[in-house]
Amino acid sequence: MVFRFVAGLLLALSVSLAGIWLEKQTLSLHRELSLQHYQADVLEDWKTQHLLAIRRIRTAHQQEQVLAPAPQPGKQRKLSSRQHGAGQ
């Protein structure tokens, strides 16, 4: 009679300990998954900020090209001939 009682207690104890172990594993995995989601959000924000910065730089560069005066072919030839002659 005592043997069955002790065996029942040990079985209940082992099931409880297994449940506790499984719950700890589950919580650990949830914690790790939450951290990975947070890191993914941080990386996504970083990527978005850098893409916007690149877009602003490109837009500014395009505006500079549009607003810059067109080069005049006659003046370029004169400058290049002066530079060529000055170097000799």
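The shown structure was predicted, so the numbers you read here are calculated from the model rather than taken from an experiment. The residues of the chain are indexed from 1 along the displayed sequence.
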Tracing side-chain links under 4.5 Å among I, L, V, M, F, W and Y, which residues wind up in one group with [X]?
X: Leu35; answer: none
X: Val2; answer: Val6, Leu10
X: Phe3; answer: none

Rounded to the nearest 0.5 angstrom, the CG-CD distance for Leu43 and Gln39 is 7.5 Å
How long is the gap from CG on Leu22 to CG on Leu17, to the nearest 0.5 Å?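 The distance works out to 11.0 Å.
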Side chains of residues 53-64: which donor-acceptor partners sit under 3.5 Å, not counting sequence neighbours?
residue	atom	partner	partner atom	Å
Thr59	OG1	Arg55	O	2.8
His61	NE2	Gln65	NE2	3.0

Quick one: which residue pairs count as a ring pair (Phe, Tyr, Trp, His ring centres under 6.0 Å) with a foot in residues 30-54, not counting sequence neighbours? Trp46-His50
State whether the side chain of Ser28 and the backbone N or O of Lys24 hold a donor-acceptor pair below 3.5 Å, judged by distance alone.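 Checking the backbone N and O of Lys24 against the side chain of Ser28, no donor-acceptor pair under 3.5 Å is found.
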Run the side-chain contact (heavy atoms from CB on, under 4.5 Å) test against Ser14 and tell me which residues pass, sequence neighbours left out.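 Partners of Ser14 under the side-chain contact (heavy atoms from CB on, under 4.5 Å) test: Leu11.
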